[in-house]
Protein chains: 2
Amino acid sequence: MAVNAAPDQIEPRAPKYYLVKRHLLELIESLEPGALVPTERELTVTLATSRTTVRQALGELVGEGRLVRRQGSGTYVAEPKMTWPLQMTSFTEQAAANGFVASAQLLSAERARATGEAAARLRLPPGAYVYRIERLRLADETPMAVETSHLSVARFPGLIKAVRRASSLYRVLAESYGIKPVSAEETIETRAAPPREAALLGTDTGSPMLVLGRHSFEADGTPVEWVRSWYRGDRYTFVAKLTV
Amino acid sequence: MAVNAAPDQIEPRAPKYYLVKRHLLELIESLEPGALVPTERELTVTLATSRTTVRQALGELVGEGRLVRRQGSGTYVAEPKMTWPLQMTSFTEQAAANGFVASAQLLSAERARATGEAAARLRLPPGAYVYRIERLRLADETPMAVETSHLSVARFPGLIKAVRRASSLYRVLAESYGIKPVSAEETIETRAAPPREAALLGTDTGSPMLVLGRHSFEADGTPVEWVRSWYRGDRYTFVAKLTV
DNA sequence: CTCCCTAAATGGACTAGACGAATTTACATA
DNA sequence: TATGTAAATTCGTCTAGTCCATTTAGGGAG
């Protein structure tokens with residue numbers, strides 16, 4: 001297979017929608033956040049193109065957090081993205097570090113048999129029971145992420161009742177079970193928003209999301225929990241601090 | 001805290017393309033990587049929908065690394081994604097840790113006035129000169145990322161000549177200038193691929209990318225370089241190891 | 001003036017089709 | 001048999017439109 005055939009003079013022709021996108025980007029940069037941009041139908045006329053093409057350009061700019069669309073109202077210049085640190089602390093502490101008040105809405109909490117991935121991550125035998133706790137994370141009342149935690153039932157008996165009373169899962173683990181994760185592996189990838197997550201986070205199905213997987217461990221290497229969180233890609237930039 | 005504050009039975013109706021996507025996902029899971037999936041026009045018929053809708057579903061699956069499209073040939077089940085660790089080491093070392101041989105192709109190297117962002121990041125006065133070095137990063141001959149580094153001209157005189165001879169920028173900094181970054185802030189966000197980056201990485205304009213920004217510092221806090229790297233979102237999952 | 005209802009405007013989803021570009025296949029020819 | 005060329009196939013891009021859902025603005029009733 002001929003990979004890497006000297007990509008020297010690569011200067012591809014841009015698709016038409018990309019020219020529209022660049023035009024809009026210039027417009028955006030000349031405006032303030034909150035400003036209204038022309039309607040899709042106006043843009044089709046002034047840019048001599050189809051609405052599909054205009055929507056493709058607008059869609060990418062929305063996905064990159066530069067524009068916000070509001071059905072029935074219009075398309076607006078977005079506020080700048082928020083940065084969100086990746087640290088070995090709880091969501092509650094991370095929010096506080098950013099000056100927000102964190103809260104959570106319990107969406108569902110159930111006892112279920114572990115899927116293959118959850119069982120492997122938690123180092124459980126196939127078919128073992130896990131708690132599957134789904135929460136909507138809020139910072140200052142704004143939905144931030146949809147978070148699904150998986151924990152071993154055998155290891156944390158009665159966890160669901162404790163979680164219903166507390167906001168911080170980490171605090172429950174520490175106070176009720178005496179367990180404190182000390183390391184974690186955090187994975188990051190891009191995904192398109194499923195309908196449910198999109199609705200919960202107030203965005204559209206298919207919009208780009210950042211999916212964080214957190215796999216946390218005790219000091220002796222025992223896995224504690226495995227969490228998958230969906231964040232809106234148009235709202236957040238993640239920041240990791242690294243040292244040698 | 002509002003636990004269980006009636007999430008309003010959010011169970012949105014899925015768009016039609018999403019049903020198509022789920023149908024394809026089942027199909028994908030029943031096949032091996034490399035297998036051919038039905039053509040777009042076949043799917044249009046069997047799923048009783050338009051090609052646009054089929055393509056929207058296929059497009060998301062391609063963006064998530066589940067499918068690969070090849071113009072003129074067909075659409076295939078993709079190989080699993082690769083994980084890429086975020087560490088305070090050079091690309092060269094990261095690649096070696098993953099069992100790859102890293103290399104780089106110099107795309108451009110120029111002396112230019114710093115943009116507002118670059119000047120701020122490198123703590124330079126407005127209008128100061130920076131080197132802008134653009135490289136295509138390869139792992140085992142496969143293009144992995146397009147990387148644009150910014151470094152102060154005043155601080156690293158003659159850098160371009162040194163870089164032309166070496167593959168590792170970090171080694172040049174250490175050996176020729178005696179500087180070794182000891183900490184870095186790495187930002188991660190999602191963006192749509194611009195035509196140039198898409199072509200260099202062998203993907204389509206507009207496909208989802210992970211954009212890493214690396215801002216590295218010396219022990220005394222002086223910024224050393226500011227780098228922006230474009231990775232294909234359909235190929236890589238980033239992993240950060242965190243400790244308390 | 002206040003309130004409610006309707007109409008207009010806007011983005012959201014989808015369709016059917018045209019043409020182009022890249023690849024693969026089939027076939028004619030040497 | 002080997003090779004070059006044309007045709008068919010496949011994905012890539014774009015168009016022009018339909019219909020729906022939501023929001024906003026305006027007008028009428030009280």
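Per chain, numbering begins at 1; letters A, B, ... match sequence-line order. Not measured: the values here are computed from a predicted model. Only heavy atoms go into these numbers, but all of them, side chains included; no hydrogens, no water, no symmetry mates.
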Undergrad: Is any side-chain N or O of B/Arg70 closer than 4.0 Å to OP1 or OP2 of C/dA22?
TA: no
Undergrad: In whole angstroms, how far is the C1' atom of D/dT9 from the CD atom of B/Glu40?
TA: 12 Å
Undergrad: Could you state the CD-P distance from B/Gln56 to D/dG12, rounded to the nearest angstrom?
TA: 15 Å
Undergrad: Which nucleotide sits closest to the side chain of A/Thr53: D/dT13, D/dT10, D/dT15?
TA: D/dT15
Undergrad: State the CZ-CG distance between A/Arg66 and A/Asp234, to the nearest 0.5 angstrom.
TA: 12.5 Å
Undergrad: Hey, does B/Thr52 reach any base, or is it just sugar-phosphate, or nothing, if we go heavy atoms under 4.0 Å?
TA: base
Undergrad: I'd like to know if A/Arg41 reaches the base of C/dG11 with its side chain such that a donor and an acceptor end up less than 3.5 angstrom apart.
TA: yes
Undergrad: What's the CZ-C1' distance between B/Arg51 and D/dC11, to the nearest Å?
TA: 6 Å
Undergrad: Return no unless some side-chain N or O of A/Lys16 is found under 4.0 Å from OP1 or OP2 of D/dG12.
TA: no
Undergrad: Think A/Arg69 has a side-chain N or O under 4.0 angstrom from the OP1 or OP2 of C/dG12?
TA: yes
Undergrad: Between D/dA25 atom P and A/Leu36 atom CG, what is the distance in whole Å?
TA: 11 Å
Undergrad: Please determine whether a side-chain nitrogen of the Lys or Arg among B/Glu26 and B/Arg22 lies less than 4.0 Å from a carboxylate oxygen of the Asp or Glu.
TA: no
Undergrad: Specify the closest pair of heavy atoms between A/Leu201 and A/Ala145, including all atoms of both residues, with the distance to one decimal.
TA: CD2-N, 3.7 Å
Undergrad: Does B/Thr49 make a side-chain N or O approach to OP1 or OP2 of C/dC14 shorter than 4.0 Å?
TA: no
Undergrad: So how far is it from B/Lys21 NZ to B/Ile28 CD1, rounded to the nearest 0.5 Å?
TA: 9.5 Å
Undergrad: What is the separation between atom CG on A/Leu43 and atom C1' on C/dG12, rounded to the nearest whole Å?
TA: 16 Å
Undergrad: Check this one for me: any side-chain N or O of B/Ser50 less than 4.0 Å away from OP1 or OP2 of C/dG17?
TA: no
Undergrad: When the nearest nucleotide of DNA chain D is assigned to A/Pro15 and to B/Gly72 on a heavy-atom basis, which residue is associated with the more 5' position?
TA: B/Gly72
Undergrad: Is the shortest distance from a Lys or Arg side-chain nitrogen in A/Arg196 or A/Glu134 to a carboxylate oxygen in the other one below 4.0 Å?
TA: yes
Undergrad: Would you kindly give the CD-to-C1' distance between B/Glu42 and D/dC11, to the nearest whole Å?
TA: 13 Å
Undergrad: If I take atom CD in residue B/Gln71 and atom C1' in nucleotide D/dA8, what distance separates them, rounded to the nearest angstrom?
TA: 15 Å
Undergrad: Would you kindly give the NZ-to-C1' distance between B/Lys21 and C/dC14, to the nearest whole Å?
TA: 18 Å
Undergrad: Hey, does A/Ser73 reach any base, or is it just sugar-phosphate, or nothing, if we go heavy atoms under 4.0 Å?
TA: sugar-phosphate
Undergrad: Does A/Thr75 have a side-chain nitrogen or oxygen under 4.0 Å from the phosphate oxygens OP1 or OP2 of C/dG11?
TA: yes
